[in-house]
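Numbered from 1 within each chain, the chains take letters A, B, ... in sequence-line order.
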Number of protein chains: 2
Amino acid sequence: MGIHERKEREKEQRREEILQAATKVFFEKGLQVATMDEIADAAELSKGTLYLYYKSKEDLYLGVMSIGIDILYDMFLKATERTASTLETLRSFSRAFVEFFRTHRDYYRMFHFFQNPQLHKQVSDEMKEYCRTNNQKLWDLATKILQRGVDEGLLRKDLAPIEMAFLVWSTSNSIMMQIDFQEMHWRNHIGLDLDHMLEKANELLLETLLTEDARAKLERPTVA
Amino acid sequence: MGIHERKEREKEQRREEILQAATKVFFEKGLQVATMDEIADAAELSKGTLYLYYKSKEDLYLGVMSIGIDILYDMFLKATERTASTLETLRSFSRAFVEFFRTHRDYYRMFHFFQNPQLHKQVSDEMKEYCRTNNQKLWDLATKILQRGVDEGLLRKDLAPIEMAFLVWSTSNSIMMQIDFQEMHWRNHIGLDLDHMLEKANELLLETLLTEDARAKLERPTVA
DNA sequence: ATTGTGAATGACTAACGGTCAGTTATTACG
DNA sequence: CGTAATAACTGACCGTTAGTCATTCACAAT
């Protein structure tokens, strides 16, 4: 009586195959230019079948994006798992985000669509909820580390951990967006090295978030 | 022989009428949902006529957005024209941006499309260039003020004015984006007051950009 | 062998951005 | 004034594509 289970597995596998095909096509063309027929071709299925597994093109897009969230989560987790000082963990976190941005640009790009509900025309409530939950894991993880920093007296107390998480994320994110969208414009027309700006901004922000004590120690690491 | 001139004026006026109709429809529905037929209806013209004045729906959208850039530029200009200390001018600048965001949300929203070339499918090179030039004015103005701050010893010298301008803009912008897209999510699910974050972030950043001298004076305004 | 079930198909529909041959309005000219 | 020339405008039409659904197909149950 394992037939039912096998069918379930096969269905799951089909869903996965569709996701793989969609990943390939979306990475190459983006949401707007990619067509469902193309994805169907890549999956060696008919278009109708795609709709048995995903409710809309946008749902499928977010399905692919969710893999990106998983990857980022894993990278964050690894950054926290290395036993090190909290300060070093904070830096690892920051670096992990930049690393994700550099090595998984395709996924990073997809986050914009998720972030901007103005662009959602056909996203199902289920998919929205799924993404929200998945995304929440990231924030919980980040907040936990920052809370540790506050408890240890490393980070200032007048900002809640979630506020710091938001600041760190939004600072990095806005610069990464510009790198992704307009790097050449900034470099050639304005003469601005955005990669440098990204590092600098993270550095400045971390300093800003540190308590005065921690900042003093940072400047003179081994107190005489 | 003023016929030619009159025709020119009428043509310009028609272009303006189309822009008005487009403004109304785009504000109500956004780029994706608004249709050219709707805009044609609103302008009491046929769809074909729209294409005599704008090359594509996206061009028309950017035409509307450019008005928003003009408005923001004027607000920035007013912020700098008030005779005041450079520090106060910097604050005015920051406030002007927030003010624009609050009172011209519809225009602000349109900036995203301009910023993200991934979304451009039919933008003409001419319109791109026009927007770029228009946009550049904003940066020039901001950079000028920041340069003054550096010259006066108010702002640190290890960051170029354009770098500071970029940091200020990207910090504000990323938070505003979140307010615009997800304010309710942040407030209800995370318990985060983004309006407060926006002020706080601007405040922290300004402090970060000040020289140590200036910061010290800021904390004890009247030195004994 | 036959029936039942659900997965898969692909022709079809609706919607929309953009086009262009044809119409109308206006000006120039004899 | 009549007519030709020019410019402005129109809307039916085209191509594309997301999404649908009646039908077909594969396979399991009996």
Grab the [atom1]-[atom2] distance between [X] and [N] for me, whole Å please.
X: B/Ile39; N: C/dG18; atom1: CD1; atom2: P; result: 10 Å
X: A/Arg9; N: C/dA7; atom1: CZ; atom2: P; result: 15 Å
X: A/Glu12; N: C/dA7; atom1: CD; atom2: C1'; result: 15 Å
X: B/Gln32; N: D/dT17; atom1: CD; atom2: C1'; result: 15 Å
X: B/Leu52; N: D/dT6; atom1: CG; atom2: P; result: 18 Å
X: A/Tyr61; N: D/dA18; atom1: OH; atom2: P; result: 14 Å
X: A/Glu38; N: D/dT16; atom1: CD; atom2: P; result: 13 Å
X: B/Leu60; N: C/dC16; atom1: CG; atom2: C1'; result: 15 Å

Does the side chain of B/Gln118 pick up a donor-acceptor pair with the side chain of A/Asp180 at under 3.5 Å?
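The criterion, which ignores hydrogens and geometry beyond distance, is satisfied for A/Asp180 and B/Gln118.
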
Any chance the side chains of B/Thr49 and B/Ser46 put a donor and an acceptor closer than 3.5 Å?
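Yes, side-chain donor-acceptor contact under 3.5 Å.
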
From the options [options], select the nucleotide whose nearest atom is closest to the side chain of [X].
X: A/Ser46; options: D/dG11, C/dC16, C/dT9; value: C/dT9
X: A/Met36; options: C/dA7, D/dA18, C/dG18; value: D/dA18
X: B/Lys57; options: D/dA18, C/dG18, C/dT9; value: C/dG18

Base versus backbone protein contacts along nucleotides 20-25 of chain D [heavy-atom cut-off under 4.0 Å; B, S, -]:
B-----

Looking at every non-hydrogen atom in both residues, tell me the closest pair between [X] and [Y] and how far apart they are.
X: B/Gln122; Y: B/Glu58; answer: N-OE1, 2.7 Å
X: B/His112; Y: B/Arg109; answer: CD2-O, 3.2 Å
X: B/Thr23; Y: B/Leu19; answer: OG1-O, 2.6 Å

So what does [X] touch, heavy atoms closer than 4.0 Å: a base, only the sugar-phosphate, or nothing?
X: B/Tyr53; result: sugar-phosphate
X: A/Leu45; result: sugar-phosphate
X: B/Ala34; result: sugar-phosphate

Start with the C-alpha gap between A/Ser124 and A/Asp59, add the side-chain angles, then the distance that decides, and say whether side chain to side chain donor-acceptor pair (under 3.5 Å) holds.
CA-CA 7 Å; A/Ser124 70; A/Asp59 266 33; 2.6 Å; yes

With a cut-off of less than 4.0 Å, is there a side-chain N or O of B/Gln122 near OP1 or OP2 of C/dG17?
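Checking B/Gln122 against C/dG17: no side-chain N or O falls below 4.0 Å of OP1 or OP2.
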
Checking side chain to side chain donor-acceptor pair (under 3.5 Å) for the pair B/Ser172/B/Asn202: CA distance, chi angles, key distance, verdict?
CA-CA 7 Å; B/Ser172 290; B/Asn202 277 329; 2.9 Å; yes

